[in-house]
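Beneath this line is the structure, given in C-alpha cells, with notes to follow.
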2 protein chains.
Amino acid sequence: MRREPAAVRSQPRLVDVAGRAGVSMATASRALASRDGVSELVAARVRDVAAELGYVANPHARTLAGGTTSVAGLLVYEIGDPYFSEIASGVVGAAAEHGWSVQISHTERDSSAEAAQVRVMRAHRVGAIVVAGSGYVDPAMEAEVARELDDFQVGGGRVVVIGRHHLRCDAVLPDNIGAAESVAAHLLGLGHRRMAVVAGPSHLSTVADRLGGIRAAVSAHGLDPEGLPVVYAPFTREGGRSAAGQVLDRHPGTTAILALNDAMATGVLSLLRERGVAVPHDVSVTGFDDIQVAQDLAPALTTARLPMSEMGATAFELALRPRAARPRRKPTGHGLIVRDSTAPPR
Amino acid sequence: MRREPAAVRSQPRLVDVAGRAGVSMATASRALASRDGVSELVAARVRDVAAELGYVANPHARTLAGGTTSVAGLLVYEIGDPYFSEIASGVVGAAAEHGWSVQISHTERDSSAEAAQVRVMRAHRVGAIVVAGSGYVDPAMEAEVARELDDFQVGGGRVVVIGRHHLRCDAVLPDNIGAAESVAAHLLGLGHRRMAVVAGPSHLSTVADRLGGIRAAVSAHGLDPEGLPVVYAPFTREGGRSAAGQVLDRHPGTTAILALNDAMATGVLSLLRERGVAVPHDVSVTGFDDIQVAQDLAPALTTARLPMSEMGATAFELALRPRAARPRRKPTGHGLIVRDSTAPPR
DNA sequence: CTGAAAGCGCTAACAA
DNA sequence: TTGTTAGCGCTTTCAG
C-alpha cells in the first residue's frame with residue numbers, strides 16, 4: 001500500500017463545490033444552508049456535488065462571516081462531580097442529536113471565574129450557553145456573570161440556566177422545594193422530631209430552596225422550623241463528614257440527618273460508620289439528587305431524586321428554540337426514593 | 001430602565017487593543033501571542049490594555065488566519081460514567097490552565113460513531129484530539145477511526161489516546177497489567193484458590209490486558225490460569241450483576257470474584273447482597289480503577305487504583321507538545337487499595 | 001433566481 | 001523592533 005505523497009489534499013472548500021457545480025459561491029452557500037432564493041434544481045445539484053466531495057463547511061469561516069454556530073458552551077462546577085457529569089451527559093446527548101458540539105468549562109463555583117468563562121465562550125462565538133450549577137441567593141454575587149450573559153443574549157446568543165438564578169433568561173428549575181418537602185415529610189411521617197440539616201454553603205439558592213422546603217414541611221407538621229439545627233459546610237463528601245461531626249457533638253439527641261445533596265450524605269454515612277452510629281437504627285439519613293451510586297451506599301440511601309440527565313437535555317432543547325418575549329421556566333418533577341437509610345426513630 | 005440603543009457593545013477586538021495601546025495590530029498580535037520581536041515594554045503595555053478591556057481573541061478569526069487553535073476535542077464513551085468523568089476532569093482542568101477549551105463527544109463505544117465524531121472535530125479544526133476509552137483487540141475494528149486520526153495528524157493535528165490502541169500516536173498507558181497482577185496477587189496471598197473473573201467485553205484491549213495480568217499472577221503462583229473461570233458481560237453495573245449471577249450458578253465454590261472495573265464490582269456486590277452472600281466472609285470482591293465511590297460501597301471496595309484525573313491531564317499536556325518522530329508512551333502507575341471487600345477464604 | 005464584491009477578526013509574510 | 005498588507009473560507013448585502 002502506497003501512502004499518497006505531498007498531495008495531502010486539504011479538505012474541499014466551498015469554492016471547490018461551487019466550481020464543480022457550475023454556480024457562484026453565493027448560490028452554493030445558499031443551497032447548502034437550505035435558504036430560499038435558489039431553484040430546487042440547482043440546490044439539489046450543489047448538494048450532490050458537496051456530498052460527492054465530502055464537503056464540510058469550515059465552521060470558523062462560517063462563524064467569522066456571521067453565519068450560525070452549532071457549538072454550545074456548558075458551564076459546570078466540576079465535571080468530575082457525579083451531579084454535574086449526569087447533567088452534562090444529558091446536554092451532550094441532546095446536542096449530538098441535533099448535530100451540535102458542546103464545550104465544557106469548570107467554574108469551581110467562583111463567580112468571577114464564571115464571568116471569565118462566559119467571556120471565553122462568547123469569544124468562541126458559541127451559539128448557546130448552558131449554565132449548570134446553583135445560582136446565588138444574593139443577586140450582587142451574580143452581577144458580573146449576569147452582565148456578561150446579558151451582553152451575550154443581546155448579541156443573539158441563547159442562555160439557559162439550570163437552577164434558580166437572578167438572570168433574565170430561560171431556566172430549567174429543579175423542584176428543590178417540593179423534593180425537600182417530600183423528604184422531610186417522609187421523616188416526619190416516620191415519627192422523627194429531632195432532625196438536623198447538613199447543608200451546603202448558605203449563599204447558594206439551591207441550599208436556600210431545599211432548606212425552605214424542609215422548613216415548610218416542618219411547619220406543616222405543626223412544629224417550629226426555628227428549632228431545626230442547620231450546619232453549613234462545603235457541598236462535598238468532606239463537607240458532609242465535618243458537618244455530621246458537628247451535629248453529633250452539638251445535638252446528641254438527633255434521630256435524623258437530612259443532607260442537602262448526595263455527596264454530603266455520603267460523607268455523613270461515612271462519619272456515622274466511623275463513630276459507630278448505626279444507620280438507620282440510631283440515626284436516619286437522607287440525601288438529595290439520587291446520583292447513580294446512592295443505591296449502592298451502605299446502607300442504600302433514601303433520597304429525593306432529581307432527573308439530572310433529563311434536566312441537561314431539556315436545557316439544551318430550550319437553547320435551540322428562539323428566545324421568547326418572556327423567559328421560559330421549565331420546572332422538573334422529583335421523586336422520593338425510599339431505601340434503607342431511613343426508619344422510625346428508636 | 002432604558003435599554004441602551006444600537007450601542008450593543010460587542011466584544012473588544014484586536015484593533016481596539018492595538019489602538020488603545022498605540023501600536024499596530026501586528027505588534028499587538030505578537031505581544032499577545034508572546035512571540036518575540038516585540039520589546040518587553042511594549043508587550044507589557046499591550047497585555048495590560050488587553051486585560052483591562054477583557055479582550056479575548058476570536059478563535060475563529062485566529063484559526064482562519066492560520067494561527068494556532070486552542071480547542072481540544074475529547075472523545076469519551078459516556079461523560080456520565082465516573083471513570084470518564086474523572087478523566088474529563090483532568091483534561092478540562094489542564095486545558096484551562098493553558099487557556100484551552102475542550103469539546104466533548106460521546107462515542108458510546110461504537111467504532112463507526114467514533115470515526116464520525118473525529119470527522120466532526122476535524123471539521124471544527126480542533127488543534128488536538130484526546131481519545132479516552134479502550135482500544136480494540138482487533139486492529140480492523142479501529143481501521144476507520146485510525147484513518148481519520150491519521151489524516152488529522154498529517155494535517156498537523158495532535159492526537160493522544162488513553163489506553164492501548166493500534167494507532168500511530170502518543171499514548172497514555174494505564175498500567176492495566178501491573179494493576180491486575182497486584183490485585184490477583186493480593187487475593188492469592190490471602191489464600192484464595194477458587195477465583196472467578198467478571199470481565200467486560202472481550203474485544204476491548206483494556207479487558208484483554210487486565211485479564212492477562214491476572215493470568216500472569218496466577219501462573220506466577222504455580223497455578224493453571226486455564227482453570228480460571230471468566231464471564232464476559234457489559235462493562236457496567238448491570239453487566240456485573242448478571243455476570244456475578246452466572247459465577248454463583250456455574251461455579252458454586254468460588255471464594256473470590258475479580259471484577260475488571262469498579263462499575264462491574266458495584267454490580268457484583270449488589271447481586272451478592274441480594275443473594276445473601278456475605279462479603280468478604282463468604283466471597284471476596286475486587287474492582288478496578290478506584291472511582292470516587294469505591295470507598296463508600298458496602299463493604300468498601302478493595303480495588304486497583306488508576307490515576308484517572310492525572311491520566312487526563314497528562315494526555316492533554318502531551319497534546320500540547322509538538323509531535324515527536326516516534327510516538328510517545330506515558331505509562332501510569334497504579335496502586336492497590338485494600339479495603340473491606342477482601343479477606344482470607346473461609 | 002443568481003452573481004460580484006465587501007467584509008468578519010486575525011496572523012504572517014514582507015517592508016521599513 | 002515595528003508597521004503594512006494580503007489573505008484564511010465563508011455569508012451577505014446589493015446589483016443584475
Side-chain angles (χ1 to χ4, degrees), chain A residues 9-47 49-50 53-71 119-120 122-127 155-157, chain B residues 8-47 49-50 53-71 99 122-125 127 155-156:
Chain A
R9 258 233 310 82
S10 65
Q11 302 182 55
R13 294 157 308 156
L14 185 59
V15 63
D16 301 320
V17 175
R20 204 105 133 55
V23 299
S24 73
M25 280 181 62
T27 301
S29 172
R30 287 190 271 253
L32 293 174
S34 310
R35 240 169 304 137
D36 46 329
V38 189
S39 70
E40 195 37 60
L41 195 74
V42 175
R45 178 149 42 88
V46 172
R47 277 195 289 269
V49 171
L53 259 47
Y55 170 77
V56 183
N58 180 327
H60 300 293
R62 189 197 287 263
T63 307
L64 193 56
T68 58
T69 333
S70 53
V71 177
R119 206 163 315 140
V120 170
R122 289 187 63 196
H124 278 253
R125 303 306 192 273
V126 297
Chain B
V8 174
R9 255 234 312 80
S10 64
Q11 300 183 64
R13 293 157 307 156
L14 184 58
V15 63
D16 301 320
V17 175
R20 205 105 135 54
V23 299
S24 73
M25 280 181 63
T27 301
S29 172
R30 285 189 274 254
L32 293 173
S34 308
R35 243 169 299 142
D36 46 327
V38 191
S39 71
E40 195 36 62
L41 196 75
V42 175
R45 179 151 38 90
V46 171
R47 277 194 289 269
V49 170
L53 260 47
Y55 170 77
V56 183
N58 181 327
H60 302 293
R62 178 182 290 216
T63 307
L64 193 55
T68 57
T69 332
S70 54
V71 177
R122 289 189 63 197
H124 278 256
R125 304 302 195 276

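By convention in this document, chain letters (A, B, ...) are assigned in the order of the sequence lines, proteins followed by strands, and residues within each chain are numbered from 1.
Taking atom CD on B:Glu40 and atom P on D:dT2, their separation rounds to 11 Å, with Å as the unit. We find that CG of A:Leu41 is positioned 9 Å from P of C:dT2, with the value rounded to whole Å. Between B:Arg62 atom CZ and D:dC10 atom P there is a gap of 21 Å when expressed in whole angstrom units. In this entry the distance linking NE2 of B:His60 with P of C:dG9 reads 12 Å, nearest Å. When the C1' atom of D:dT11 is taken as reference, atom CG of A:Asn58 falls 13 Å away, rounded to whole Å. In this structure, CZ of A:Arg122 is placed 18 Å from P of C:dC8, rounded to the nearest angstrom. Taking atom CG of A:Leu64 as the reference point, atom C1' of C:dT11 lies 12 Å away to the nearest angstrom. As rounded to whole Å, 15 Å separates atom P of D:dT1 from atom CZ of B:Arg45.
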A:His124/B:Val71 under side chain to side chain contact (heavy atoms under 4.5 Å, CB included): CA gap, chis, key distance, verdict: CA-CA 10 Å; A:His124 278 253; B:Val71 177; 3.4 Å; yes
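Remark: A:Thr27 pairs with A:Ser24 by the side chain to side chain donor-acceptor pair (under 3.5 Å) rule, at least two apart or across chains. Residues passing the side-chain contact (heavy atoms from CB on, under 4.5 Å) test with A:Ala65, sequence neighbours excluded: none. Annotation: side chain to side chain donor-acceptor pair (under 3.5 Å) contacts of A:Arg119 (sequence neighbours excluded): A:Glu148.
Side-chain N/O atoms of A:Ser39 include one lying less than 4.0 angstrom from OP1 or OP2 on C:dT2. Phosphate contact (OP1/OP2 of C:dG9, side-chain N/O of B:Tyr55, threshold under 4.0 Å): absent.
For the contact set between residues 14-22 of chain A and DNA chain C, defined by any heavy atom under 4.0 Å, there are no members.
Within the structure, salt bridge (Lys or Arg N to Asp or Glu O under 4.0 Å) pairs that include any residue of residues 19-28 of chain B comprise B:Arg20-B:Glu52 (at least two apart or interchain). Residue pairs meeting the side-chain hydrogen bond (donor to acceptor under 3.5 Å, both in side chains) criterion with at least one member in residues 57-66 of chain A, sequence neighbours excluded: A:His60-B:His60.
B:Ala57 comes within 4.0 angstrom of the backbone, heavy atoms only, and of no base.
Of all the heavy atoms in B:Ala57 and A:Ala123, the pair that sits closest is O-CB, 3.7 Å.
The nucleotide whose nearest atom lies closest to any side-chain atom of A:Ala61 is, among D:dC8, D:dT2, D:dC10, D:dC10. The listed nucleotides are D:dG3, C:dT2, C:dG9; the one nearest the side chain of A:Val38 is C:dT2. Comparing atom distances between the B:Ser24 side chain and each of D:dT4, C:dG9, C:dG3 picks out D:dT4 as nearest.
To the nearest 0.5 angstrom, A:Leu14 atom CG is 4.5 Å from A:Met25 atom CE.
Nearest-nucleotide positions on DNA chain D place B:Ala43 closer to the 5' end than the other of A:Ala33 and B:Ala43. Between A:Ala28 and B:Val42, the residue anchored closer to the 5' end of DNA chain D is B:Val42, taking for each the nucleotide with the nearest heavy atom.
Defining each end axis of the helix from C:dC1-D:dG16 to C:dA16-D:dT1 as the rotation carrying four pairs' C1' atoms onto the next four, with five pairs an end, the two axes are found to diverge by 30° to 10 degrees.
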Which pairs, protein N/O on one side and nucleotides 12-16 of chain C N/O on the other, fall under 3.5 Å?
from   : atom 1 : to      : atom 2 : distance (Å)
C:dA12 : OP2    : B:Arg35 : NH1    : 3.4

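B:Val46 has its side chain within reach of B:Val17: a pair of non-hydrogen atoms, C-beta onward, lies under 4.5 Å apart. Side-chain contact between A:Val49 and A:Tyr55: absent, with no pair of heavy atoms (C-beta onward) separated by less than 4.5 Å.
In this structure, the side chain of A:Arg122 does not engage the main chain of A:Val120 through any donor-acceptor pair within 3.5 Å.
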Kindly list each side-chain donor-acceptor pair under 3.5 angstrom involving residues 29-40 of chain A, sequence neighbours excluded, with atom names and distances?
from    : atom 1 : to      : atom 2 : distance (Å)
A:Ser39 : OG     : A:Val42 : N      : 3.3
A:Glu40 : OE2    : A:Arg47 : NH2    : 2.9

